[in-house]
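So the structure is just underneath, and the comments pick up after that.
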Amino acid sequence: MSVSADTKAGVRQVLAGRLHDPASRGFASDNYAGAHAEIIEAVQAANEGHVTAYGEDVYSAALQEVIQSHFGAAATAYPVFNGTGANVLALQALLPRWGAVICAATAHINTDENGAPERIGGIKLLPIPTPDGKLTPELIDAEAWGWGDEHRAQPLVVSITQTTELGTCYTPEEIQRIAEHVHAKGMKLHLDGARLANAAAHLGLPLRAFTTDVGVDVLSFGGTKNGLLFGEAVIWLNSQSDPGMSYLRKMNMQLASKMRFVSAQLVALLTDGLWLRSASRANEMAQLLSEGISAINGVSLTQPTQSNGVFAVLPPGAAAKVRESFRFYDWDQARGEVRWMCSWDTTETDVHSLVAAVKAAVGSPASQRNV
């Protein structure tokens, strides 16, 4: 069967990387950004020759040393493909079949993982509404009950997100208070760290200061949102690592045969401060955006800007007008709340352009007619 000239031309376009406009910018998600050049270089360096598969390679071994330098000598990393896989794997490892997880109603595991914890992990979620995405011991106690009752899924794990889905950041003291509270009840603490680097940049603290040192048991560590091509890791932070993790990773289809490419990226990210430089840049651009947006009459911020996300309420009709120039998501369509995310490669020019677009949309006749 011959290949048409149009198909060949399309393939050449793909190989040449011409299917998208490299000048295109957006604020929908930090997942939209490309991979950092240093990450690409790390993948290229790992690509030469044959290397042992399924994690028995020098890059995965080096990753364990790097992870321990950040999280302590007892930390053990299990590289995986993506964040949903990391969360499901971590929670499965922490729970018996009858276990349940307490989380914020806004938690990614509850809102954006298409039921994966329930369907794939077989885990009951017990979501709790919060004003800022953050749980407290008092909020946790709304669902932390019923142990020994065979009619109720047993609440045995609390999952928090750092930074939260609303862009807010837990302090180390807040996490320690939660950890002590749940441990006293015989529960474990999981932390979804998809944007953990952004939290470190905001807090000005090393990664272990608000994970290992304050009682977190298991961490889903994010890389994709901070400049990786793909790849995350489940990190067991204490010496009581579940020997079933390796089996569960395979069962959950999260075991990479060519694991060197995941591990090499994480090593590059966590060596020489690339993780912090990238996250700091994203946070700084979000702060610049927050300042610009808050100065616009008719627009109000709904959350403090503590990481790389900005949440705001726009007048009716304004969001559609801004989307003519930039892509972003509605957060709460009923109240006109939107979310703008900055990335490791967001520039000041990008931010100023978005602020100008919002100003124009809010002051436009079309927007005013819809008020």
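Values below: every heavy atom of this structure, side chains too, minus hydrogens, waters and symmetry copies.
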Quick one: list whatever passes salt bridge (Lys or Arg N to Asp or Glu O under 4.0 Å) with Glu324, sequence neighbours left out.
->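 If we apply the salt bridge (Lys or Arg N to Asp or Glu O under 4.0 Å) test to Glu324, skipping adjacent residues, the hits are Lys321.
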
If only side-chain N and O atoms count, and only distance matters, is there a donor-acceptor pair under 3.5 Å linking [Y] with [X]?
X	Y	answer
Glu232	Thr224	yes
His108	Glu113	yes
Glu165	Thr161	yes
Gln92	Asn252	yes
His183	Asp217	yes
Asp141	His181	yes

Close side-chain approach of [X] to [Y], heavy-atom, < 4.5 Å:
X	Y	value
Ile235	Leu237	yes
Leu95	Ile123	yes
Ile175	Ile160	yes
Thr76	Gln64	yes
Leu196	Phe210	yes
Asp30	Arg195	yes
Ile40	Leu229	yes
Val322	Val362	no

Verify, without hydrogens or angle tests, whether [X] (side chain) and [Y] (backbone) share a donor-acceptor contact under 3.5 angstrom.
X	Y	value
Asp330	Asp332	no
Ser290	Ala286	no
Ser69	Val66	yes
Asp350	Thr347	yes
Gln162	Leu191	no
Ser29	Asn31	yes
Asn283	Asn198	yes
Gln154	Gly146	yes
Asn308	Cys342	yes

[X] with [Y], same ILVMFWY side-chain cluster at under 4.5 Å:
X	Y	result
Phe221	Leu205	yes
Leu255	Val234	no
Trp236	Leu219	yes
Leu203	Phe71	yes
Phe261	Val51	no

Drop me the distance from [X]'s [atom1] to [Y]'s [atom2], to the nearest 0.5 angstrom.
X	Y	atom1	atom2	result
Leu289	His352	CG	NE2	10.5 Å
Trp331	Thr106	CH2	OG1	7.0 Å
Ser325	Arg25	OG	CZ	14.5 Å
Trp344	Ile39	CH2	CD1	9.5 Å
His36	Glu41	NE2	CD	9.0 Å

Any residue meeting side-chain contact (heavy atoms from CB on, under 4.5 Å) with Pro304, in chain and number order, not counting sequence neighbours |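 If we apply the side-chain contact (heavy atoms from CB on, under 4.5 Å) test to Pro304, skipping adjacent residues, the hits are Thr168, Gln306.
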
Using 4.0 Å as the upper bound for N to carboxylate O, is an ion pair formed by Arg177 and Glu138?
->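 Salt bridge: yes.
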
Asp57 with Lys258: basic N within carboxylate O range, under 4.0 Å =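 Between Lys258 and Asp57 there is no salt bridge, as every charged N stays at least 4.0 Å from the carboxylate O atoms.
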
For [X] against [Y], the heavy-atom pair lying closest together:
X	Y	answer
Met245	Ala93	SD-CB, 3.4 Å
Gly223	Leu269	CA-CD2, 4.2 Å
Pro155	Met187	O-CE, 3.3 Å
Gly99	Leu156	CA-CD1, 4.2 Å
Ile102	Ile140	CD1-O, 3.8 Å
Ala201	Ser280	CB-OG, 3.6 Å

Please check if the number of heavy atoms outside [X] that lie under 6.0 Å from its [atom1] is greater than 12.
X	atom1	value
Lys185	NZ	yes
Tyr54	OH	no
Phe230	CZ	yes

Mind running side-chain contact (heavy atoms from CB on, under 4.5 Å) on Ser353 and Phe326 for me, showing each step along the way?
-> CA-CA 9 Å; Ser353 297; Phe326 295 98; 3.6 Å; yes

Evaluate the side-chain contact (heavy atoms from CB on, under 4.5 Å) criterion for residues Tyr32 and Arg327: first the C-alpha distance (whole Å), next the side-chain angles of each, then the deciding distance (0.1 Å), finally the verdict.
-> CA-CA 10 Å; Tyr32 281 38; Arg327 183 165 180 168; 3.4 Å; yes

Going through the distances and angles, do Leu301 and Phe311 end up as a side-chain contact (heavy atoms from CB on, under 4.5 Å)?
-> CA-CA 6 Å; Leu301 300 180; Phe311 294 75; over 6 Å; no

Is Arg152 close enough and on-axis enough to Trp147, meaning under 6.0 Å and within 45°, for cation-pi?
->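 Here Arg152 fails the 6.0 Å and 45° test against Trp147.
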
Does the cation-pi check pass for Arg323 over Phe328, that is, NZ or CZ under 6.0 Å from the six-membered ring centre and within 45° of its axis?
->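 Yes, Arg323 and Phe328 form such a contact.
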
side-chain hydrogen bond (donor to acceptor under 3.5 Å, both in side chains): which pairs involve residues 267-278, sequence neighbours left out?
->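 Sorted result for residues 267-278: Glu38-Arg277.
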
Verdict with supporting geometry, Tyr59 and Val267, side-chain contact (heavy atoms from CB on, under 4.5 Å) | CA-CA 8 Å; Tyr59 296 95; Val267 168; 5.6 Å; no

Going through the checks in order, is the salt bridge (charged side-chain N to carboxylate O under 4.0 Å, His left out) test met by Glu174 and Lys134?
-> CA-CA 9 Å; Glu174 288 172 328; Lys134 295 163 70 172; 2.9 Å; yes

Using side-chain contact (heavy atoms from CB on, under 4.5 Å) as the criterion, point out the one residue from Arg249, Gln265, Gln254 that pairs with Pro79.
->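 So the option named by the test is Arg249.
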
Give me the one residue out of Asn87, Leu91, Leu94, Asn110 that meets side-chain contact (heavy atoms from CB on, under 4.5 Å) with Val101.
->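 It is Leu91, the one option of Asn87, Leu91, Leu94, Asn110 that forms the side-chain contact (heavy atoms from CB on, under 4.5 Å) with Val101.
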
